[in-house]
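Only one structure is covered here, and it is reproduced in the block below.
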Amino acid sequence: MTRRNKRLTSLGLLALAAVVAILLGAFLPLAGSLGGGGGEIPVLTVQKEPFVRRVPAQGNLQAVRATPVSVPMGAPGPFRIGWIAQDGTRVKAGEVVIRFDPSAIEKQLIEAEDQLREVRLRIGKTETESSAELRKLEQDAEMARLELENARQFLKKDEELFSRNEIIEASIDQLLVAKKEKHAREAQRTRRELTGAELELLRIDMRRAEAKIQLAQRSLQSLAVTAPHDGVLILKRDWRGETPRVGDTVWNGQPLAEIPDLSTMEAEVFVLEADAGGLKPGKRAIVALESNPAVPYEATIQRVDALAKPRLQGSPVQYFAVTLELARTDPKVMKPGQRVQANLILEQRKEAVLVPRQAVFEREGKLIVYRRKAGGFDPVEVALGPSSMGRVVVDKGITAGDVLALRDPDRSADEPEETPGQEGPSVPAPGGPVL
């Protein structure tokens with residue numbers, strides 16, 4: 001080898017030594033924090049850090065106060081929607097927002113008018129027939145009265161002029177004519193009473209028909225639903241998330257839309273059941289519109305549903321519905337129904353002892369960590385607090401500065417780790433039952 005080559009080789013070895021020295025200088029501090037216990041067990045020095053447990057949620061804005069727009073109560077249903085304003089339309093007070101199909105009510109009106117005409121014809125016919133029969137009965141009674149007067153005037157009662165049989169027959173005829181007049185008078189009175197009863201029943205039918213006509217006319221006038229005040233029309237959604245459409249059949253009093261007060265808004269968001277531990281009113285939240293995520297809005301949890309429910313029919317995933325009270329409302333950018341993203345701050349500590357989940361083990365029903373001592377590790381029982389993704393708060397058992405093993409020191413590095421469900425630690429998850 002020439003002198004030049006030897007020199008180049010020496011320079012290369014020196015450069016390699018320098019690189020190794022740099023790498024060792026960077027690695028040694030890390031090895032000091034992760035070494036110990038024979039140099040094979042990874043460790044961690046415990047430190048106090050700020051702890052915040054945030055739970056994500058999604059939902060929509062809604063107005064705190066809103067005026068409902070419903071199917072009218074004064075008219076008999078059901079109704080069929082003939083026209084409806086679009087969702088989100090700005091409306092003025094008195095402006096028509098919903099029209100119902102008048103076909104069914106117009107048919108009822110025509111039927112009621114036909115019924116009224118028929119009843120009036122029957123009343124006229126009954127009055128005409130009754131008048132004719134009363135006149136006939138009056139004539140019969142008058143004829144019987146005249147016959148009775150003649151019978152009384154020319155009564156055969158002189159025994160010298162008439163035979164006994166003629167006298168008896170004349171008396172019988174007189175009695176018959178008197179009864180005939182009486183019968184005609186009674187028939188006349190009975191006919192008047194029957195006619196009055198028939199006419200009263202027909203007048204009841206007439207009033208019913210007139211009431212139906214008035215109701216149908218009022219119903220036709222109420223088929224146009226107007227906005228009670230200025231605002232934005234928000235259509236109601238059913239359990240499938242669908243809004244009312246033309247052709248839908250609706251019933252009296254059914255809410256179809258609302259006109260919200262845009263000055264005060266709130267957010268309804270949904271939290272996974274598994275993330276609901278510590279979820280309760282009064283907790284702080286931060287809300288952002290999906291359309292403008294850079295602007296945060298402070299909020300407070302106002303209400304939490306008592307039961308978790310699936311958001312989609314047939315889905316096994318359940319959520320808690322949470323109502324968030326916004327600290328301020330910006331009507332210029334906030335509209336009902338807008339999607340929002342929220343972070344619910346369920347736990348916040350300025351200083352907390354945080355350790356990785358893999359540093360906590362379960363032994364004989366107790367939660368322990370392995371704290372380094374001279375020549376090895378001691379098991380120390382701990383009490384755990386809230387947890388976040390990958391880390392858990394230790395409330396009792398260790399302090400800042402302690403060095404903990406990140407795997408079981410009683411196991412060799414080649415031995416497989418325990419899997420959850422065997423002997424792994426029962427470290428609280430971020431979720432849990434609602435408090």
Side-chain angles (χ1 to χ4, degrees), residues 70-82 96 98-157 166 168-226 249-254:
S70 306
V71 180
M73 292 292 295
F79 296 87
R80 188 179 298 274
I81 298 176
V96 176
I98 303 173
R99 293 186 188 275
F100 296 104
D101 184 4
S103 303
I105 299 179
E106 288 175 346
K107 180 181 178 182
Q108 295 173 6
L109 178 60
I110 292 173
E111 291 176 351
E113 290 174 343
D114 291 342
Q115 182 181 0
L116 180 60
R117 283 192 292 269
E118 180 183 353
V119 171
R120 285 174 174 170
L121 289 174
R122 289 170 58 190
I123 289 175
K125 180 180 178 182
T126 301
E127 289 176 342
T128 301
E129 291 177 349
S130 177
S131 297
E133 188 169 351
L134 287 173
R135 283 195 299 270
K136 181 177 180 300
L137 291 173
E138 180 64 27
Q139 291 175 357
D140 293 343
E142 184 64 20
M143 290 294 295
R145 185 184 65 78
L146 293 175
E147 290 180 6
L148 180 60
E149 288 180 356
N150 291 333
R152 287 174 179 172
Q153 183 178 0
F154 301 104
L155 179 63
K156 298 177 180 180
K157 56 183 179 180
E166 287 177 336
I168 293 174
E169 287 179 356
S171 297
I172 293 173
D173 290 341
Q174 185 180 2
L175 291 174
L176 289 174
V177 172
K179 288 183 177 181
K180 184 177 180 181
E181 182 188 11
K182 182 180 179 181
H183 174 72
R185 297 298 182 189
E186 290 178 352
Q188 195 176 21
R189 185 176 62 256
T190 302
R191 183 57 190 169
R192 286 195 183 95
E193 293 175 354
L194 289 175
T195 300
E198 290 178 6
L199 290 175
E200 185 59 31
L201 291 175
L202 290 173
R203 291 189 184 99
I204 291 174
D205 291 340
M206 183 176 68
R207 288 193 292 270
R208 287 176 178 172
E210 290 173 345
K212 289 180 180 179
I213 291 173
Q214 294 175 1
L215 181 59
Q217 291 173 343
R218 288 198 304 269
S219 300
L220 287 174
Q221 294 173 356
S222 65
L223 290 182
V225 180
T226 59
T249 299
V250 293
W251 298 87
N252 298 84
Q254 179 178 340

message: Test: salt bridge (charged side-chain N to carboxylate O under 4.0 Å, His left out). Region: residues 205-216. Which pairs qualify, not counting sequence neighbours?
response: R120-E210, E200-R207, D205-R208
- request: Supply the atom-to-atom distance E186 CD to R189 CZ, rounded to the nearest 0.5 angstrom.
  value: 5.5 Å
Could you list the donor-acceptor pairs under 3.5 angstrom formed by side chains in residues 98-118, with sequence neighbours left out?
residue, atom, partner, partner atom, Å
D101, OD1, S103, N, 3.2
D101, OD1, S103, OG, 2.9
D114, OD1, R117, NH2, 2.2

query: Hey, what do you get for NZ (K125) to CG (L202), rounding to the nearest 0.5 Å?
result: 11.0 Å
Closest heavy-atom pair and its distance - G253, S70: O-CB, 3.9 Å
From R192 atom CZ to S131 atom OG, the distance as rounded to the nearest 0.5 Å: 10.0 Å
- prompt: How long is the gap from CD on E129 to CD on E198, to the nearest 0.5 Å?
  reply: 8.5 Å
Interatomic distance, T126 atom OG1 to L194 atom CG [nearest 0.5 angstrom]: 11.5 Å
- prompt: Within the side chain of N252, is there an N or O that forms a donor-acceptor pair under 3.5 Å with the backbone of P72?
  reply: yes
